[in-house]
Amino acid sequence: MTELPVMMPASPEIFLACAAMAMMMVGVFVRADGAYRVVSTLAILSLVVAGGLVLNVGGGRQEALFGFFLVDDFAVFMKILILIGSVLALVMSEGYVQREKMDRFEFPILITFATLGMLMMVSANDLMSLYIGLELQSLSLYVVASFQRDTVRSTESGLKYFVLGALSSGLLLYGCSLIYGFSGTTQFDALAQALTGDDTSKGLIVGIVFLIAALAFKVSAVPFHMWTPDVYEGAPTPVTAFFSVAPKIAAMALFLRTMLGPFGDLVADWGQIIWLVSVASMLLGAFAAIAQSNIKRLMAYSSIGHIGYALMGLAAGNEEGLKGVLIYLAIYLIMNVGVFACILCMKVQNRMVENISDLAGLGKTNPAMAVLLMVLMFSMAGIPPMAGFFGKFFVFMAALNAELYALAIIGAVSSVVSAFYYLRIIKIMYFDEPVEGFDKVETMGLRGVMIVSGLLTAVLFIYLPGITDPATAAAASLFGG
């Protein structure tokens, strides 16, 4: 009985691991034609229950697994975002996977295992548990990216992601070995105590640089973004929707915890790198997307730009910056899920279309979807009073208060440039001659996700404390508040 309280902080992860293994057995023994639906339903229920367990464990600082695992308000906040992203990805994927003959029971199980890895990443309190969580997530995502194995694009995207992901894992391991070699520990709390002095060794700084490079790959920040457009375009659309939210949020959570936790006192050293990565990501995301004709590739470059804005808060290196990043990620989740729900509705005569030109005249052929997509595009561009404006507002204010004026100016210029391609989509929908209308939305889940995300994006300003208050508590917990 004495072991139970010790393991309580890790109860969501333990439950999810057991549920995923049980689902594998269910998938094998249920009839083949009904296995996907049964396992998918069980996966969604398991993720919802895991969310309840996360809230039940609560905040405050709690450790488990010999200090390798940590739960605090920051972990709770990020885990809830990840679980919401995973559940919505499964809900949105239902019609697509059945139509494209992807309805094999392994799909929701892989999503569940990837989510388990993400939850472990968020609670990592040691370089070793960090790596285990990251690899559990990555190995699942490699398979999911190439899940539509009968198509060249999907298998190619999975292979590219695997090869470049293996490179980033090597960078991560090399960085971790340098950090351990020059500090004598892999535990985050011990690292924080060891790095309080001014005589930080150059070898340790090199190790941190390798660590940043590996994490920048996971969040697809420049110059480690090269996999993102190809994988986003080639992977099945529900998988792309999943990639764009949950893994991004988990990797940013890991980025924040490692940089502001054990290496928080070295912000003067790593802050310059984050500054450069943020600037490069914002500029590339703004300018490279202009020439795109495929909407999934455009969203890939858009996500690179959004990561650049989020990294502005990390570059500030303080509690206000962290709070800005958390608010930004929560709003980014709402917006991005909505946009990909609309992309999943881009279907003509039972065939998926992905070109931006296919949206021509949507305001006449499908006014409701056009309004929702218009709201989401305004929000992506950061136009008030949409939710996206407030996400940018908090990270920009954090950068300005940290006297990172050049970073804030570059961010503002990038935001103006990126508004061009978001507004171009609205122009195409309302002012171009209509093309063939889209098929009727086939599942209630997809329609519901689209409507709820659009409404939340439009009216979030009415009750902004619903996001800002939990984000403030989460940021304070990471800084020991």
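Values reported hereafter were calculated over all heavy atoms of this structure, with side chains retained and with hydrogens, waters and symmetry mates removed.
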Q. Side chains of Glu233 and Ser157: do they bring a donor and an acceptor to under 3.5 Å?
A. no

(Q) Closer than 3.5 angstrom, by distance alone: can the side chain of Ser415 be matched with the main-chain N or O of Gly411 as a donor-acceptor pair? (A) no

Q.
Once you measure the plane-to-plane angle for Phe162 and Tyr142, does it fall in the parallel (<30°), tilted (30-60°) or perpendicular (>60°) bin?
A. perpendicular

Q | Thr155 side chain to Val152 backbone, donor-acceptor under 3.5 Å | A | yes

Q: Could you tell me whether the side chain of Met226 reaches within less than 4.5 Å of the side chain of Leu164, counting heavy atoms only?
A: yes

Q) Would Arg153 and Asp230 count as a salt bridge (charged side-chain N to carboxylate O under 4.0 Å, His left out) if you check the C-alpha gap in whole Å, the side-chain angles of each, and the deciding distance to 0.1 Å? A) CA-CA 9 Å; Arg153 285 203 316 170; Asp230 291 337; over 6 Å; no

Q: For residues Cys176 and Leu211, report the shortest heavy-atom separation together with the two atoms involved.
A: SG-CD1, 4.3 Å

Q | Main-chain N/O of Phe263 paired with Trp270 side-chain donor or acceptor, under 3.5 Å | A | yes

Q: Check whether more than 12 heavy atoms from other residues, nucleotides or ligands sit under 6.0 Å from atom OH of Tyr174, and answer yes or no.
A: no

**Q.** Spacing of Asn336 atom CG and Thr240 atom OG1 [to the nearest 0.5 Å]
**A.** 11.0 Å

Q. Looking at Ala471 and Leu326, what are the two nearest heavy atoms and their distance?
A. O-CD1, 3.6 Å

Q | Leu311/Phe255 under side chain to side chain contact (heavy atoms under 4.5 Å, CB included): CA gap, chis, key distance, verdict | A | CA-CA 9 Å; Leu311 288 173; Phe255 221 144; 4.3 Å; yes

Q) Looking at side-chain heavy atoms only, is the closest gap between Met282 and Val413 below 4.5 Å? A) no

Q.
Closer than 3.5 angstrom, by distance alone: can the side chain of Gln292 be matched with the main-chain N or O of Ala288 as a donor-acceptor pair?
A. yes

Q.
For the CD1 atom of Ile273 and the CE atom of Met259, what is their distance to the nearest 0.5 Å?
A. 8.5 Å

(Q) Between Asn125 and Leu130, does the side chain to side chain contact (heavy atoms under 4.5 Å, CB included) criterion hold? Intermediate values first, please. (A) CA-CA 7 Å; Asn125 196 36; Leu130 175 157; over 6 Å; no

Q) Is the NZ or CZ atom of Arg104 both under 6.0 Å from the centre of the six-membered ring of Phe147 and within 45° of that ring's axis? A) yes

Q: Step through the shown structure and confirm whether more than 12 heavy atoms of other residues, nucleotides or ligands are within 6.0 Å of CE on Met24.
A: yes

Q: Could you tell me whether the side chain of Val245 reaches within less than 4.5 Å of the side chain of Ile82, counting heavy atoms only?
A: no

Q: Would you sort out whether Glu13 and Lys79 count as a salt bridge (charged side-chain N to carboxylate O under 4.0 Å, His left out), showing the intermediate values?
A: CA-CA 11 Å; Glu13 288 76 11; Lys79 285 179 182 182; 2.7 Å; yes

(Q) Please check this pair: side chain of Asp126 against backbone of Met128, looking for a donor-acceptor N/O pair closer than 3.5 Å. (A) yes

(Q) Does either side chain, that of Ser302 or that of Tyr422, offer a donor lying less than 3.5 Å from an acceptor on the other one? (A) yes

Q. Which atom pair, heavy atoms only, marks the closest approach of Ser93 to Tyr36?
A. OG-OH, 3.8 Å

Q) Got a second to check how far Phe113's CZ is from Leu136's CG, nearest 0.5 Å? A) 7.5 Å

(Q) Would you say that Ser86 contacts Leu90 through its side chain, given a criterion of any heavy-atom pair below 4.5 Å between the two side chains? (A) no

Q: Could you tell me whether the side chain of Met450 reaches within less than 4.5 Å of the side chain of Cys345, counting heavy atoms only?
A: yes

(Q) As an exercise, state the distance from CG of Leu134 to CG of Leu127, rounded to the nearest 0.5 Å. (A) 11.5 Å

(Q) When you measure from the side chain of Arg424 to the backbone of Ile290, do you find a donor-acceptor pair of N or O atoms at a distance under 3.5 Å? (A) yes

Q: Dump the intermediate steps for side chain to side chain contact (heavy atoms under 4.5 Å, CB included) on Thr258 and Ile212, then the final yes or no.
A: CA-CA 9 Å; Thr258 50; Ile212 290 173; over 6 Å; no

Q) If you look at every heavy atom in Ser220 and Ser303, which pair is closest and at what distance? A) OG-OG, 4.4 Å

**Q.** Distance-minimising heavy-atom pair for Ile111 and Thr115
**A.** O-OG1, 2.7 Å

(Q) Please check this pair: side chain of Thr112 against backbone of Ala43, looking for a donor-acceptor N/O pair closer than 3.5 Å. (A) no

Q: Begin with the C-alpha distance, continue with both residues' side-chain angles, and end with the deciding distance and a verdict on side chain to side chain contact (heavy atoms under 4.5 Å, CB included) for Tyr309 and Ser418.
A: CA-CA 12 Å; Tyr309 297 122; Ser418 64; 3.9 Å; yes

Q) Any chance CZ of Phe15 has more than 12 other-residue heavy atoms, nucleotides or ligands included, within less than 6.0 Å? A) yes

Q) More than 12 foreign heavy atoms under 6.0 Å from CD of Gln272: is that the case here? A) no

Q. Parallel, tilted or perpendicular: which describes the rings of Tyr332 and Tyr328, with under 30° parallel and over 60° perpendicular?
A. parallel

Q: Please state whether the rings of Phe243 and Trp227 are parallel, tilted or perpendicular, taking 30° and 60° as the class boundaries.
A: perpendicular

Q.
With heavy-atom distances below 4.5 Å as the criterion, would you say the side chains of Val277 and Val222 are in contact?
A. no

(Q) Return the CG to CD1 distance between Leu314 and Ile274, rounded to the nearest 0.5 Å. (A) 4.5 Å

**Q.** Test: Arg257 and Asp72 ion pair at under 4.0 Å
**A.** yes

Q: Spell out, as yes or no, whether a donor-acceptor pair under 3.5 Å connects the side chain of Lys296 to the backbone of Ala235.
A: yes

Q: Please examine the side chains of Ile383 and Phe389, heavy atoms only from C-beta on, and report whether any two atoms are closer than 4.5 Å.
A: no

Q: With rounding to the nearest 0.5 Å, note down the distance linking CD1 in Ile334 to CG in Leu455.
A: 11.5 Å

Q: Would you check if Phe74 and Leu256 make a side-chain contact, meaning some heavy-atom pair closer than 4.5 Å?
A: yes

Q. Nearest heavy-atom pair of Lys392 and Ala381: which atoms, and what distance?
A. NZ-O, 3.5 Å

Q) Any side-chain donor paired with an acceptor under 3.5 Å for Asn294 and Glu354? A) yes

**Q.** Ion pair check, Arg37 and Glu94, cut-off under 4.0 Å
**A.** yes

Q: Measure from the side-chain N and O atoms of Ser154 to the backbone N and O of Ala145, and report whether any donor-acceptor pair falls under 3.5 Å.
A: yes

**Q.** Any donor-acceptor N/O pair, Ser379 side chain to Gly388 backbone, under 3.5 Å
**A.** yes

